[in-house]
Protein chains: 4
Amino acid sequence: MSGTGTARGRIDKRQAILDAAFIVFAREGYALAAVDVIAAEAGVAKATVYSHYGDKESLFRETVSASADQALAENLAVVERLTGAGDELRATLETVGLKLLKCYCADRSWALRRLLAAESGQFPDLLDVIHTRAADRVAEALADRLARLTVSGHLHTTDPLLAADQFFALLSGPADKRARLGTRRTPDADLRAIAEAAVDTFLKAFGAEA
Amino acid sequence: MSGTGTARGRIDKRQAILDAAFIVFAREGYALAAVDVIAAEAGVAKATVYSHYGDKESLFRETVSASADQALAENLAVVERLTGAGDELRATLETVGLKLLKCYCADRSWALRRLLAAESGQFPDLLDVIHTRAADRVAEALADRLARLTVSGHLHTTDPLLAADQFFALLSGPADKRARLGTRRTPDADLRAIAEAAVDTFLKAFGAEA
Amino acid sequence: MSGTGTARGRIDKRQAILDAAFIVFAREGYALAAVDVIAAEAGVAKATVYSHYGDKESLFRETVSASADQALAENLAVVERLTGAGDELRATLETVGLKLLKCYCADRSWALRRLLAAESGQFPDLLDVIHTRAADRVAEALADRLARLTVSGHLHTTDPLLAADQFFALLSGPADKRARLGTRRTPDADLRAIAEAAVDTFLKAFGAEA
Amino acid sequence: MSGTGTARGRIDKRQAILDAAFIVFAREGYALAAVDVIAAEAGVAKATVYSHYGDKESLFRETVSASADQALAENLAVVERLTGAGDELRATLETVGLKLLKCYCADRSWALRRLLAAESGQFPDLLDVIHTRAADRVAEALADRLARLTVSGHLHTTDPLLAADQFFALLSGPADKRARLGTRRTPDADLRAIAEAAVDTFLKAFGAEA
DNA sequence: GATGAATGAGAGTTCATTCAT
DNA sequence: TATGAATGAACTCTCATTCAT
């Protein structure tokens, strides 16, 4: 059904190359990632990589874009859970905060951020694309939810986007410190503590009764 | 007094190489930074770079270490200004916050963080060294000040280190978003706004009257 | 039939590289033999040399091994001509001696011996391989023949291997002196004289009537 | 008396450099012998080597020449012991043969021969110098002694130089085989056996009663 | 005379990319 | 389309040699 040579086989190969590329780019960085190695990891010949993606730079762009799209989807799915759920606001915020943190601390997320940081000089446009297409949209979605909670009287924000940014900062900042750019795994218990502390501070500043 | 060939000349060359190395490493990344180019930037012959620093990796390590030491000194100098200054606490926090932000957003700081992110895979030990020798010490110093302000009744913290991390997160998080990994300059006015918003949230959460 | 890119073409290139390598190594020595030059001599790109042989050292080893195998084959073919041919023993010995001398004095032989001498410090294992795989086997084959001639009553040896070594020494020693490590060509007439003198001495010592 | 800066000190340094050069050239070969290393081995600065010997090539020539002169002296001293000593001819030949073999198999001798072989392409004139100034003179001296022994009726040679060459060949040839270009030490007992076998064959061929 | 510092030239090796099958 | 083979450009590092002190 999906033997070599079928259309399905082709697509499989494209995806296999993309997956292999992410692994190798993440591990070695753009410059040191050898196309041979990516091809070997994908189980195809080097020239096949070229026939699919043209050159190393294009392969890199597609790899990063695909990864960013995936990260965006995951984050949006989390943010959408933030609904005005009665008086369980704190618990909801903690749940959402923890889920966001887990997305943020996933290996793939760290790898993607390290790649972007590393190659921001060589590929400045990638940064723009990822930020506008992914990071900013998550912040906007979060701001939307905070605005709704403000309207419904559960929160007290004047600039929901700023509040969203600060909420995210209270989550990611302390996590950054422990994760050492993703080289250290942070236990779930620590993530939970970070999320609770973030929500605590956030609610003191933006809680309705504040 | 400092002609070619004197001991002073030698030291000048060492420093010139280090400066050039930072510029080139920051611009190109470790792998693409050619030693020829560093040497040219420093105005010396390629072999001179090797006679001073042994190999490219050692040069990189020394470059990063020197840069981290400098960043540490600047940050510590700022944190030390955070003294319990009567009822001008908000203004003091805003001043310190803004100065920290300016350090954080300086070109060299961004370049150093990008380098660390980029090469964390190749040089994982560098991350540890920089974090323990620089970043953590700034956080500790900030926590010390917050603890004193708590003792003096100006603040209300139970975990000063956590408060310090959150304070820093409220500053750096929103700045991160605007700066696009340092590829965009953030105007001073925006930095000031970020600092004020950070202090606002921080004081709501940790102010003495809270 | 053997166009570029065919399997045959690949093999041709391998051999061309090996031939070129021998020429250049012999002319310049291992250290001064530039891979560029070998590649140019073989009519391929430098990287092709690397893709076939990995690195300079491996190329050197394969070059020397191939050359030694060839020399072994030539010498064995000569020794096999030494059969108990009635009362023409002196003439047969002189013929075989002269042929051995010609092998010994061939340009390739000298080049190989100079290479081995030159690089015995860097590649001591090569010496062992060549000796056990080539030189010693020629001596053994020669000893075998001398033993047969002793059994058949044409010679009078007690230690055939020693006799073989001495026979070879009587040939090569005087030739060494004239050849100046192969930098001087020795005329065939001189080689013949050396061979005759060697056989004369040899038969006085080991002839049946002695 | 011989402190730094005295004339004696200078000469000491020249000699130290020469000794160090021989060691390093012998160990590494000409091309790989670094002048830094020679200087370090001699305990002087690299520039000092240059001020004494001009350049690497000159240093090499002087090193080899000095070594050849020393080898010549040792060999001549041995040959001079070959006098017509009554009916102890065999014993005398064996003694002289063994001493020649020991000279031939000395580490320095092997190192010198390997160097000459290695660099015969780069420095063909060195070969000529060493041969005419050293090797040939030993052969001539040996031929002189054999001629005298012929005149005195102890030997029976028609071409004393040929006989000398063959005598030397019967010694060095079998030794060559065991010594693997000097990489293997040959025990004295084996050298003695070789010498005795050589004399045995030699006397069968050139003994007076033959 | 002796030395530490500096350098230009060159070598081995890798790798993105192309081409013929 | 997929691939093995080939290549040119580039990069790290070394070393003989010179110069100022």
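Chain identifiers are assigned alphabetically (A, B, ...) following the order of the sequence lines, protein sequences preceding nucleic acid strands; residue numbering begins at 1 within each chain. The figures here come from the full heavy-atom set of this structure, side chains too, leaving out hydrogens, waters and symmetry mates.
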Does A:D69 have any salt bridge (charged side-chain N to carboxylate O under 4.0 Å, His left out) partners at least two apart in sequence or in another chain, and if so, which? A:R133
Let's see if you can work this out: which of F:dT3, E:dA2, E:dT7 has an atom nearest to the side-chain heavy atoms of B:A45? E:dT7
Residue set satisfying salt bridge (charged side-chain N to carboxylate O under 4.0 Å, His left out) with B:D19, at least two apart, ordered chain then number -> none
In dot-bracket, 5' to 3', how would DNA chain F read with Watson-Crick or G-U wobble pairs under 3.5 Å, [ ] for crossing ones and | for pairs to another strand? .||||||||||||||||||||
Which donor-acceptor pairs under 3.5 Å do side chains of residues 23-47 of chain C form with protein atoms, sequence neighbours excluded?
residue	atom	partner	partner atom	Å
C:Y30	OH	C:E57	N	3.3
C:D36	OD2	C:K46	NZ	3.4

Using the test side-chain hydrogen bond (donor to acceptor under 3.5 Å, both in side chains), find all partners of C:S67 that sit at least two apart in sequence or belong to another chain. C:R108
Contact list (N/O, under 3.5 angstrom) for nucleotides 9-11 of chain E vs protein:
residue	atom	partner	partner atom	Å
E:dG10	O6	B:K46	NZ	3.1

Output all residues satisfying salt bridge (charged side-chain N to carboxylate O under 4.0 Å, His left out) with C:R180, sequence neighbours left out; order by chain, then residue number. D:D128, D:D136
So is B:R14 actually on top of B:Y53's ring, under 6.0 Å and inside 45° of the axis? yes
Partners of D:D107 by side-chain contact (heavy atoms from CB on, under 4.5 Å), sequence neighbours excluded? D:R185
Let's see if you can work this out: which of F:dA6, E:dT3, E:dT17 has an atom nearest to the side-chain heavy atoms of D:T48? E:dT3
For the side chain of A:Y50, starting at C-beta, report the closest nucleotide among F:dT14, F:dA2, E:dA16. E:dA16
Assign each of A:Y30 and B:V44 to its nearest nucleotide of DNA chain E by heavy atoms, then name whichever residue's nucleotide is nearer the 5' end. B:V44
Partners meeting side-chain hydrogen bond (donor to acceptor under 3.5 Å, both in side chains) with B:Q122 (sequence neighbours left out): none
